[in-house]
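Just below is one structure, and these are the notes that go with it.
All values reported here derive from a predicted model rather than from experimental measurement. Letters go in sequence order (proteins before strands), and every chain restarts at 1.
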2 protein chains.
Amino acid sequence: MGLQKPRTRIQRKNRETILEAALEVFSQHGFRGATLDMIAAEAGLSKPNLLYYFPSKEAMHVTLLSKLMDTWLDPLRALDGDGEPVAELLAYVRRKLQMSREFPRESRLFANEIVQGAPRMQAALATELKALVDEKAAVIRGWAEAGRIADVDPHHLIFSIWALTQHYADFDVQVRAVLGPRRDPITEAEHFLDTLFTRLLAP
Amino acid sequence: MGLQKPRTRIQRKNRETILEAALEVFSQHGFRGATLDMIAAEAGLSKPNLLYYFPSKEAMHVTLLSKLMDTWLDPLRALDGDGEPVAELLAYVRRKLQMSREFPRESRLFANEIVQGAPRMQAALATELKALVDEKAAVIRGWAEAGRIADVDPHHLIFSIWALTQHYADFDVQVRAVLGPRRDPITEAEHFLDTLFTRLLAP
DNA sequence: CGTGGCCTTGACCATCTGGTCAAAAACAAT
DNA sequence: ATTGTTTTTGACCAGATGGTCAAGGCCACG
């Protein structure tokens with residue numbers, strides 16, 4: 001029943017397996033589109049067994065989402081107010097793009113949730129996320145006022161970084177359909193975004 | 001049964017009502033998350049009545065999607081190869097942003113579909129969409145080669161416009177959560193994106 | 001070994017959901 | 001009004017789905 005924090009190693013392992021399978025399925029079909037049977041098949045466990053480790057389908061989803069939120073904000077947390085402004089921001093863009101490359105499923109899980117109005121994340125957005133963004137926006141505003149980068153709205157600058165980088169994970173099918181069997185979209189994007197933000201930010 | 005093309009005015013009206021309700025519900029919950037009961041309630045019609053006008057739930061979805069595709073590409077179609085390059089591209093950005101403002105539901109419907117791998121649109125993306133994008137990309141490449149705009153990859157330029165403008169419709173909840181009860185996000189974005197693309201494109 | 005607790009699952013259940021159908025209501029044309 | 005057609009819906013169905021449960025399997029530890 002309880003098993004708040006996984007104790008035995010078999011528990012840790014199975015919870016891990018289940019979350020991995022759930023991520024795969026949720027990110028591909030959305031919460032509603034995913035079924036316990038799909039997740040069970042993907043995890044190689046029986047359906048009642050899933051529910052031995054998680055109280056409900058929703059619990060799996062929530063667990064994924066809150067684990068994700070942390071990882072997701074890391075690149076922004078790493079933005080160093082004491083560094084060289086343009087270099088810092090370009091590095092942030094690269095880190096974010098790297099996440100789209102390495103964790104596209106996580107990105108899509110997030111996207112699915114937000115697009116549908118973030119029914120299970122409203123709170124986290126308005127507190128955790130907003131707090132961090134406001135903090136970093138203040139840093140960026142400082143740089144702008146000191147004339148070290150161009151004078152742009154810090155919040156929209158951050159939005160633009162999110163939009164541009166996550167686009168390559170979330171809209172991957174579209175990007176590939178349009179580019180055709182060309183080279184790796186994200187590698188191309190890396191160069192394009194470098195140019196874009198260099199030009200935008202130059203004081 | 002048949003009713004290929006709505007004939008009577010009552011048919012036209014009811015199909016319209018149903019599609020409007022379906023758009024509302026699909027865009028908010030995704031295809032799988034939407035139920036015929038929700039759509040029926042939203043439309044103020046009985047469930048069997050919906051199925052009198054559309055053969056299935058999927059038919060409603062497909063109808064919406066294909067109607068949408070057209071509207072969605074209009075702004076890009078309007079990009080005039082004979083116009084002044086920077087002005088044309090900035091106008092495109094503004095038209096696209098305008099669509100995010102006026103048709104956020106359509107944008108989210110689209111986003112939902114693409115994020116989940118576009119199971120019902122693959123074809124359209126690889127043909128209709130790709131064709132138009134390639135055509136306009138060629139125009140933009142021409143401008144770049146003639147030195148009339150900066151030398152950027154046309155495809156990724158178009159992606160960046162999509163990403164930045166649709167972000168304000170698709171991720172509206174997040175944008176508002178972060179900005180707090182501030183002014184209209186899209187109006188702010190209009191100015192920000194103007195600056196961004198002006199700087200990016202200057203030869 | 002034996003035994004107590006952890007882990008696993010086949011069978012089952014209630015509910016939801018897309019879709020059917022036959023009959024009633026509304027309407028149109030004579 | 002009468003009759004034939006279109007529209008509408010209450011009742012119903014089969015399959016899917018989240019979740020339960022009791023019984024059996026497995027493992028660690030004495």
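The distance between atom NZ of K57(A) and atom C1' of dT20(D), rounded to the nearest whole Å, is 17 Å. One atom, CZ of R15(B), and another, P of dT8(D), lie 14 Å apart when rounded to the nearest Å. Atoms CZ (R12(B)) and P (dT7(D)) sit 12 Å apart, rounded to a whole Å. Rounded to an integer number of Å, the gap from NZ of K13(A) to P of dC27(D) is 11 Å. Taking atom CZ of residue R32(B) and atom P of nucleotide dT17(C), one finds them 10 Å apart after rounding to whole Å. Straight-line distance from the NE2 atom of H61(A) to the C1' atom of dG18(D): 15 Å, rounded to whole Å.
For residues 16-27 of chain A, proximity to DNA chain C is found at no residue, defined as any non-hydrogen atom under 4.0 angstrom from a strand atom. Of the residues in residues 43-51 of chain B, those lying under 4.0 Å from DNA chain C by heavy-atom distance are K47(B), P48(B), L51(B). A heavy atom closer than 4.0 Å to some atom of DNA chain C occurs in A34(B), T35(B), L36(B), these being the qualifying members of residues 34-42 of chain B.
In this structure, H29(B) has no ring pair (Phe, Tyr, Trp, His ring centres under 6.0 Å) partners at least two apart in sequence or on a different chain. Among residues two or more places apart in sequence or in another chain, the side chain to side chain donor-acceptor pair (under 3.5 Å) test is passed with Q122(A) by none.
With rounding to the nearest 0.5 angstrom, the CD atom of E42(B) is 11.5 Å from the CG atom of L50(B). In this structure, CG on D172(A) lies 10.5 Å from CD1 on I114(B), to the nearest 0.5 angstrom. With values rounded to the nearest 0.5 angstrom, H61(A) atom NE2 is found 5.0 Å from L109(A) atom CG.
Note on N14(B): every side-chain N or O is 4.0 Å or more away from OP1 and OP2 of dT6(D). Between Q11(A) and dC7(C), a side-chain N or O to OP1/OP2 separation shorter than 4.0 Å is present. Phosphate contact (OP1/OP2 of dT8(C), side-chain N/O of Y52(A), threshold under 4.0 Å): absent.
Among residue pairs with one or both ends in residues 122-131 of chain A, those qualifying as salt bridge (charged side-chain N to carboxylate O under 4.0 Å, His left out) are K130(A)-D134(A); sequence neighbours excluded.
Not one N or O on the side chain of S107(B) forms a donor-acceptor pair closer than 3.5 Å with the backbone of F103(B). Side-chain atoms of K57(B) come within 3.5 Å of backbone atoms of F31(B) as a donor-acceptor pair (strictly under, hydrogens ignored). With hydrogens and angles ignored, the 3.5 Å screen pairs a side-chain donor or acceptor of E113(A) with a backbone N or O of R120(A).
In this model, a donor atom of one side chain and an acceptor atom of the other lie less than 3.5 Å apart for T187(B) and R101(B).
Each of E102(B), K96(B), R95(B), R94(B) was evaluated against Q98(B); a single residue qualifies, E102(B), per the side-chain hydrogen bond (donor to acceptor under 3.5 Å, both in side chains) test.
Between I10(B) and E58(B), the residue anchored nearer the 5' end of DNA chain C, judged by the nucleotide with its closest heavy atom, is E58(B).
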